[in-house]
Amino acid sequence: MAHLILASSSQYRKMLLENIGIQVDTYAPDIDETPLCNESPTALSLRLAEAKARRVAAEFNSLDSDVIVIGSDQVALVQTGTGPQLLGKPGTSENAVKQLMACQGKQVSFYTALCLHQPASKKTITQVDETRVFFRHSREKAIRAYVEKEQPLDCAGSFKSEGLGILLFEKIESRDPNSLIGLPIMLLNELLGAHFNVDLLEIAAR
């Protein structure tokens, strides 16, 4: 049976897998996430997802053919009056408020990249899933109250769509709602099946 390793320190990604009955080992990759000059959001997310998977695979150092390392990264982009702006994790409440205020009435694109790396065969598969979020207009008072209530300080874009954050939006366009939380489960299952003959449904239903 496949031995899945999640190359992430994100509690949200691990939670998404646990919610469908998939248990994984998790390792936090130590990588530099600084964007390269003129790097597109898609290229950045793909590069970081692969870097995470390869870093954890190197540390795990296993030639077991069952081991598959899952790397994922999410990059958010909003168009502002001064041009495109990447939205990272805010870190502080004030930064979260500023991010959310900048998104009012705008479309924000979230690029969630996935990398599957099998150390034994050196096979690496990458793909990105895009989610478009359309923000409604909210009063600053309401936004400050939201940030204080939900504390989305470790979330790119400064919201938790699985919680109160959903009330910040007019609509979401996405193949998989899990992508916005941090891990495209449908794409993960598709790539595991197509390239590694692994079916998450079969694993979870045991």
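By the 4.5 Å heavy-atom criterion applied to side chains, His3 and Asp25 are counted as neighbours. Under the 4.5 Å side-chain criterion, counting only non-hydrogen atoms from C-beta, Ile68 is not in contact with Ile5. Side-chain contact between Tyr146 and Glu148: absent, with no pair of heavy atoms (C-beta onward) separated by less than 4.5 Å. In this structure, Ile22 and Glu18 have side chains that are not in contact, with every pair of non-hydrogen atoms separated by 4.5 Å or more. Contact of the Ser9 side chain with the Thr26 side chain is not registered, since no non-hydrogen atoms from C-beta on lie closer than 4.5 Å. Annotation: side chain of Leu116 is not in contact with side chain of Val69 (no heavy-atom distance under 4.5 Å). Two residues are said to be in side-chain contact when any heavy atoms from C-beta on lie closer than 4.5 Å; Glu173 and Thr131 fail this criterion.
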Audit row: Tyr12, Asp154, side chain to side chain donor-acceptor pair (under 3.5 Å) steps and yes/no: CA-CA 10 Å; Tyr12 308 109; Asp154 60 347; 3.0 Å; yes
Side chain to side chain contact (heavy atoms under 4.5 Å, CB included) between Ile181 and Ser161, intermediate numbers included: CA-CA 7 Å; Ile181 304 174; Ser161 61; 3.7 Å; yes
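Heavy atoms only, all atoms of each residue included: Lys160 and Cys155 are closest at CG-SG, 3.8 Å. What you find for Ala57 and His117 is that their closest heavy atoms are CB-CD2, 3.5 Å. Taking every heavy atom of both residues into account, Ser179 and Gln74 meet most closely at O-NE2, 2.9 Å. When all heavy atoms of Phe196 and Gln118 are compared, the pair lying nearest together is CE2-CB, 3.7 Å. Scanning both residues, Gly163 and Glu150, for their nearest heavy atoms gives CA-OE2, 3.5 Å. Between Leu77 and Pro41 the shortest heavy-atom distance is CD2-CG, 3.8 Å.
Cluster membership check: Val147 shares its hydrophobic cluster with Met101, using side-chain heavy-atom separations under 4.5 Å among Ile, Leu, Val, Met, Phe, Trp and Tyr. Leu201 and Ile203 sit in two unconnected hydrophobic clusters of ILVMFWY residues. Membership requires side-chain heavy atoms under 4.5 Å apart, directly or through other members. Hydrophobic cluster membership differs between Leu180 and Ile70, with clusters built from Ile, Leu, Val, Met, Phe, Trp and Tyr side chains linked at under 4.5 angstrom. Under the 4.5 Å side-chain contact rule for hydrophobic residues, Val97 and Val78 share a cluster. When the side chains of ILVMFWY residues are joined at heavy-atom separations under 4.5 Å, either directly or via intervening members, Leu16 and Tyr27 end up in two distinct hydrophobic clusters.
Under the side-chain contact (heavy atoms from CB on, under 4.5 Å) rule, Pro35 has a single partner from Val75, Leu44, Leu48, which is Leu44.
Heavy atoms of other residues, nucleotides or ligands lying less than 6.0 angstrom from CD of Gln104 number more than 12. More than 12 heavy-atom neighbours from other residues, nucleotides or ligands sit within 6.0 angstrom of CZ on Arg206.
For the atom pair CD1 of Ile125 and CG of Leu192, the computed distance is 10.5 Å after rounding to the nearest 0.5 Å. A distance of 4.5 Å separates NZ of Lys171 from CZ of Phe134, quoted to the nearest 0.5 Å. Rounding to the nearest 0.5 angstrom, the gap separating the OG atom in Ser72 from the CG atom in Leu6 is 8.0 Å. With rounding to the nearest 0.5 Å, the separation of CG in Leu87 from NZ in Lys98 is 13.5 Å. Distance check, rounded to the nearest 0.5 Å: CG of Asn19 to NZ of Lys14 gives 12.0 Å. In this structure, the separation between CG on Leu168 and CZ on Arg136 is 8.0 Å, given to the nearest 0.5 Å.
Proximity of the aromatic rings of Phe135 and Phe169 is defined here by a centroid distance below 6.0 angstrom, and this criterion is met. Note: Phe110 and Phe159 meet the aromatic proximity criterion, with ring centroids under 6.0 Å apart.
For Glu39 (side chain) and Leu36 (main-chain N/O), a donor-acceptor pair under 3.5 Å exists by modelled atom type. No donor-acceptor pair closer than 3.5 Å links the side chain of Asp66 to the backbone N or O of Ala2. Counting only distance, with no hydrogens or angles, the side chain of Lys123 and the backbone of His195 share a donor-acceptor pair below 3.5 Å. No donor-acceptor pair closer than 3.5 Å links the side chain of Arg13 to the backbone N or O of Ser8.
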Enumerate donor-acceptor pairs with a distance under 3.5 Å from any side-chain N or O in residues 182-191 to protein atoms, sequence neighbours excluded.
{"unit_1": "Asn189", "atom_1": "OD1", "unit_2": "Leu200", "atom_2": "N", "d": "2.8"}
{"unit_1": "Glu190", "atom_1": "OE1", "unit_2": "Arg175", "atom_2": "NH1", "d": "3.4"}
{"unit_1": "Glu190", "atom_1": "OE1", "unit_2": "Arg175", "atom_2": "NH2", "d": "2.7"}

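Using modelled atom types, one finds no donor on one side chain facing an acceptor on the other under 3.5 Å when comparing Ser40 with Thr42.
Between Glu140 and Arg144 there is a salt bridge, with a side-chain nitrogen of the basic residue lying less than 4.0 Å from a carboxylate oxygen of the acidic one. The pair Arg54-Glu50 meets the salt-bridge criterion, with a side-chain N (NZ, NE, NH1 or NH2) lying under 4.0 Å from an Asp/Glu carboxylate O.
Shown here are the side chain to side chain contact (heavy atoms under 4.5 Å, CB included) partners of Lys89, two or more places apart in sequence or in another chain: there are none.
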